[in-house]
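Accompanying notes for the structure given below.
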Amino acid sequence: LLIRLEQWTENPWRRYSLFVIVLLAGYALGSSIGTVNGALSLMDPIGAFMTVMVLEIMVRIRRSWCSLGDKRIALKLLDIARIGLLYGLLSEGFKLL
């Protein structure tokens with residue numbers, strides 16, 4: 001699957017459009033997590049713990065994939081999803097201030 005994805009993204013337009021889609025999906029997920037936790041305010045510590053755990057798992061997956069070396073597109077997609085998720089959480093946090 002990763003080999004086919006790597007071949008499909010040889011075209012720069014496809015690669016960049018995939019990166020933008022993953023970035024916006026991560027942003028939407030982070031924004032929705034922040035909105036739901038802010039509106040309900042029932043599980044703020046639990047929601048914060050879960051998002052930190054998800055980000056930490058993404059970092060650990062990245063470390064294990066760096067040693068393999070042949071998963072370049074998956075590594076970039078994971079990084080971009082993590083950036084989008086963090087940016088969505090930060091923008092929601094600034095809205096709540």
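Fair warning: this is a prediction, and the values are worked out from it, not measured in the lab. The analysis underlying the following values was restricted to heavy atoms, covering all of them including side chains, and did not include hydrogens, waters or symmetry mates.
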| Roughly how far, to the nearest 0.5 Å, is CG of Leu29 from OG1 of Thr51? |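 That separation rounds to 10.0 Å.
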Could you list the donor-acceptor pairs under 3.5 angstrom formed by side chains in residues 54-61, with sequence neighbours left out?
residue, atom, partner, partner atom, Å
Glu56, OE2, Arg60, NE, 3.3

Show me the side-chain donor-acceptor pairs of residues 12-22 shorter than 3.5 Å, one per line, residues at least two apart or across chains.
residue, atom, partner, partner atom, Å
Arg15, NE, Thr9, O, 3.1
Arg15, NH2, Thr9, O, 3.3
Arg15, NH2, Glu10, O, 3.3
Ser17, OG, Trp13, O, 3.1
Ser17, OG, Arg14, O, 2.9

| request: Among Ile, Leu, Val, Met, Phe, Trp and Tyr joined by side-chain contacts under 4.5 Å, find the other residues sharing a cluster with Tyr87 and list them by chain and number. | output: Tyr27
Distance-only donor-acceptor pairs under 3.5 Å for side chains of residues 73-86, two or more places apart:
residue, atom, partner, partner atom, Å
Asp79, OD1, Arg62, NE, 2.8
Asp79, OD2, Arg62, NE, 3.0
Asp79, OD2, Arg62, NH2, 3.2

| task | Heavy atoms only: give me the nearest Ser31-Glu92 pair and the separation to one decimal. | result | OG-OE2, 3.0 Å
